[in-house]
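Below you'll find the structure, written out as structure tokens, and then a few comments.
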Amino acid sequence: MKTGNLTHAPLKGVDYYEIKHQENRDQVIFCINSDMVSNYQDSRAGLMCRAYKDGAWGLASSALQDDATLKKICSQAAENARSLALYRGGKAFVLPANPASGEYLFYAKEAWSKKQRCDFLLALDNYIKTKYPALATRQVGLMQDETEKHISTSDGAEFHEMIPRSLIGILMVDNTAEGPVQAYRTLGGFGQIEDLYSKPEEIYEDIDAVYQELMDKKESVPSRAGSFDCVLDSRLAGILAHEAIGHTTEADFVLNGSIAGEFLDQEVASALVTLVDAANTWDGKLCPVPVFIDDEGTRAEDCVIIEQGILRRYMQNKESAAMLGMPLTGNARGHEYSDEPLIRMRNTLILPGQDKLADMISSIEDGYYLVESSNGQADATSEFMFGISLGYEIKNGKLGKAIKDTTMSGIAFDLLKTVSMVSDDMFWSASGMCGKKQSIQVGMGGPAIKCRVNLGGI
Amino acid sequence: MDSRAFCKSLIESLIQRGADKVQINLNQSEKTEYNLVYKELNLLRSMDSASLYIMLIKDQRQVTESLNQLDDESLKAVIDNLFNALESAKPDPAFDIAEYQKPQSFLDGPLESDQDLMIQRLQEYAQELKTQYPSVYFDATLSHTHSQTVIMNSNGVEVLLERGFYYFMSMFTAKKDGKMSSMNYVSYEIPDLQKSILDYNQNRELIRQIEEQTEPKNIPAKFKGDVIVAPTILADLTSTLLQSHFSGYALLEKISRFPNHLEQKIFSDKLTVANRPRDPRLAMKYFVNPDGYVSREAPIIEAGVLKHYLMTIYTANKTGKKLSHVSSDNLIIEGGNHSLQEMIQNTTEGILCMRASYGSPGPLGDMSTVAKNSYYIKDGKVRYPVHETMISFNLIDAFLNIDCFSRETHLLGSTVMPYLKFGEAVISKKD
């Protein structure tokens, strides 16, 4: 993306504005049974200006990227804010600022050619085909997204960033007497594919694990409907942190009545639970979706949401921080060039504890070990739902048969009070896309957790 | 810009450069969007955008790329990129483009927005909720989009589509004395702004319901019973069923349980699902499928019998199935013979499920959903709103064991759906 001068034409007569120049680039290569069914690239670039005047926001955007268009959209954004303010009945706020500047560009040192990427994927396909020839279907995919943005704000922030994410998807299908079953896994995370892998062999262990899970699912039994003591694997902890708790503590949800609005500085979880929305770095390493400065130019800081069971903070943008009189956190993000920044989680995690996964499983007489989630949904009440695509029975402290696809649910703030063990390991899920008006990349992570869970079933 | 001339010239230049076959889709749009945030008008967005999709085939290798920059420099870069990408693409005889059809054009919906009326409708909505339902928290979006689309290929396909439509979305929840309901939402394209937004479908009823959902209860005990699902849920379940078992990719991936079942009875004879892109009730009509073929009006399932698989050119060539030009973009299930009230009266024990929160079912169809904004039914009467209630059933069996569809239907932008009642679901609660 060619970056230009975004500050050459200051916008007069508004209380605040930001200008964004952004490009999103995606690449997808996808094979089914060695057939390359998708070999696709996409780029979407443009300019956006958002202005604030007397409590109303105006936004204008265009795919054109010249100076004349920049002037036009700035003028249109200001006019939109001014005209909407005439109809508005609500209060106007002085927007707080914690402006930052910087450059955060993460390009691979030596980018692979398209052919190298295709060959990498076909090598994975060939490994599965050769080692597991009886499978009904095998799929491998490579998905890479890059988000490059240059933002300037009227309160003094300016930054340029390029954040890449690369994922490898593996899916296998086999037949049973009842019909087909499938197992899958998504690997990868922050960085370009060349940053994450150097040769296909590095993925073979995960491929073998997916195959084993598929064989387990061929023998699966239905789960029983009801409430059970369960161990949620670390692969599930992230979605619990994000969906079940995280959304309720976004300040726009709080302003719209979220139940978390009633609980600030109160005990909402077992003292074993500390939940953080990390801005960019955790435990000395970059998170799956690092955010250094948010789309309102605010310096991004870690937000400790629950500290040893006590609800401490909400995630904020400028407007919510002004309305609630709380500090900024740097959670305002928009996905595409034309998108307004919304309060979005970044890298939401539950911190690891002291327990061993094996001890957690052996402590359960009759329950389930839930491993992989297909999706999740949240509610302002903190009632949540996760699709469970991989799980096992636990009987007398030992793992039993795999269970068929099911759903787990509960009231998150109730569930977190039942947490009795937290493992000492940690898993980051980097493939998440959170859908809240706009779909955006998020990181989610955590350890294994023992708690009481509602399950669907027979 | 003359979009038609632009596409034609681009196809010619790609063929001259050596492509065997080319397809181009160009879309240009303007959108105006008003947003109510925290119950007040808060944001006005004005957006111009473009999207150019290029697909080319050479020596049976296929590559595709999309971009939104239409200047010469960007086009040259993307064309170079496409021809470079061909070198790494795998040849496949199944790649192809649509055959020649007579050029067609479609014009639909309000092409120009009435911005004064948009503001008026949103203000009415906010005012009515604030005065009549004071415990309700809400956000809302009302937008108008005008778009022009050109689909052309090197076989002479030429389809022009110009349309305008309004779209409304609102999320809402209620809170009384520190107790709150689950959130609910409405989201669909609407044909015009001739009436109050609360008068579309069941909007007013959903707002009324949310106020009484702040104190939900558990069901008395786990039971096996009936489920009545709202039209929005039926639309989603139907789409999931069709994509999971009758789409070209479901056949290609071998996850369909019905891979060779054309003209066979699979579901209840009460089930007829059709694709009707020209239905005048619809606010969003998908006249053309992504391959460039004009979408056909036809039943997909008729009286429980499978009439068409949903094939693309590629999946049809790959599987040997017939390319029927039937898609699932404009699904219609017509109303039945019973009112919703009669369906409830005829239920001994069950759930009136107004929103469902679930994960995509696996190929076997087993699924569980959390019943949101939903009600317990006992002895023919709606008793109370429920929470922490799970409904477990098999998606395929649900369409096999249909009890009835409601007489009432809802227009959900691109689909028309009634309420559905089916039996044999396991309904459980938190212990």
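Each chain gets a letter, A, B and so on, in the order its sequence line appears, and its residues count up from 1.
- We find the CE-CG distance between B/Met55 and A/Asn39 to be 12.0 Å, quoted to the nearest 0.5 Å.
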Evaluate the side-chain contact (heavy atoms from CB on, under 4.5 Å) criterion for residues A/Gln41 and B/Ser66: first the C-alpha distance (whole Å), next the side-chain angles of each, then the deciding distance (0.1 Å), finally the verdict.
CA-CA 6 Å; A/Gln41 279 184 242; B/Ser66 291; over 6 Å; no
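- Not a single donor-acceptor pair under 3.5 Å links the side chain of B/Asn42 to the backbone N or O of A/Ala56.
- Proximity to chain B (any heavy atom under 4.5 Å) is shown, for A/Asp252, by both the backbone and the side chain.
- With a 4.5 angstrom heavy-atom cutoff, A/Ser38 does not touch chain B via any of its atoms.
- Within the 3.5 Å criterion, the main-chain N or O of B/Leu41 finds a donor-acceptor partner in the side chain of A/Arg88.
- The side-chain heavy atoms of A/Asp42 and B/Tyr53, taken from C-beta on, include no pair separated by under 4.5 Å.
- Heavy atoms closer than 4.5 Å to chain B are found in the side chain of A/Gln76, but not in its backbone.
- With a 4.5 Å cut-off on non-hydrogen atoms, A/Ala378 touches chain B through its backbone but not through its side chain.
- If you measure heavy-atom distances from A/Tyr52 to chain B, you find no contacts under 4.5 Å at all.
- If you tally non-hydrogen atom pairs under 4.5 Å between each of B/Asp48, B/Ile119, B/Thr64 and chain A, the highest count goes to B/Thr64.
- B/Glu388 CD to A/Asp414 CG: the interatomic distance, rounded to the nearest 0.5 Å, is 6.5 Å.
- Rounding to the nearest 0.5 angstrom, the gap separating the NZ atom in B/Lys179 from the OG1 atom in A/Thr381 is 14.5 Å.
- Going from atom CD of B/Glu40 over to atom NZ of A/Lys91 covers 12.0 Å, rounded to the nearest 0.5 Å.
- Most heavy-atom pairs under 4.5 Å with chain A, from the set B/Glu253, B/Lys31, B/Glu30, B/Lys90: that is B/Glu253.
- Options B/Val37, B/Thr369, B/Ile255, B/Asn81 differ in how many heavy-atom pairs under 4.5 Å they form with chain A, and the most are formed by B/Ile255.
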Could you please spell out the steps behind the side chain to side chain donor-acceptor pair (under 3.5 Å) verdict for A/Asn80 and B/Ser46?
CA-CA 8 Å; A/Asn80 283 355; B/Ser46 306; 2.8 Å; yes
A/Phe384 vs B/Ser357, test: side-chain contact (heavy atoms from CB on, under 4.5 Å). Steps then yes/no.
CA-CA 8 Å; A/Phe384 67 93; B/Ser357 180; over 6 Å; no
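- In this structure the side chain of A/Asp35 never reaches within 4.5 angstrom of the side chain of B/Phe95, judged on heavy atoms.
- No side-chain heavy atom of A/Pro180 sits under 4.5 Å from any side-chain heavy atom of B/Lys254.
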Using the rule given for side-chain contact (heavy atoms from CB on, under 4.5 Å), can you reason through A/Lys437 versus B/Asn35, listing the C-alpha separation, both sets of side-chain angles and the distance that settles it, and then say yes or no?
CA-CA 12 Å; A/Lys437 190 175 181 188; B/Asn35 292 270; 3.1 Å; yes
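- Screening A/Gln65, A/Glu23, A/Arg44 against B/Gln69 for a side-chain contact (heavy atoms from CB on, under 4.5 Å) leaves a single residue, A/Gln65.
- Put simply, the side chain of B/Met390 reaches to within 4.5 Å of the side chain of A/Thr407, judged on heavy atoms.
- When heavy atoms are compared at a cutoff of 4.5 Å, A/Met323 approaches chain B solely by way of its side chain, counted from C-beta outward.
- Taking chain A as the reference chain and counting heavy-atom pairs below 4.5 Å, the highest number among B/Gly359, B/Ser88, B/Ser428 is found for B/Ser88.
- Only the backbone of A/Leu455 comes within contact range of chain B, with heavy atoms under 4.5 Å apart.
- In this structure, CG in B/Leu70 is found 8.0 Å from CG in A/Leu64, a value given to the nearest 0.5 Å.
- For chain B, the nearby part of A/Ile32 is the side chain; its heavy atoms alone come within less than 4.5 Å.
- With B/Arg45 contributing its side chain and A/Ser338 its backbone, the two residues share a donor-acceptor pair below 3.5 Å.
- Within the model, atoms OG of B/Ser49 and CD of A/Glu336 stand 10.0 Å from one another, a figure rounded to the nearest 0.5 Å.
- No side-chain heavy atom of A/Gln377 sits less than 4.5 Å from a side-chain heavy atom of B/Tyr358.
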Which is it for A/Asp379 and B/Ser182 under the side chain to side chain donor-acceptor pair (under 3.5 Å) test, yes or no, and what are the steps along the way?
CA-CA 6 Å; A/Asp379 199 320; B/Ser182 286; 3.0 Å; yes
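- Contact annotation for A/Gln139: only side-chain heavy atoms (C-beta onward) come within less than 4.5 Å of a heavy atom of chain B.
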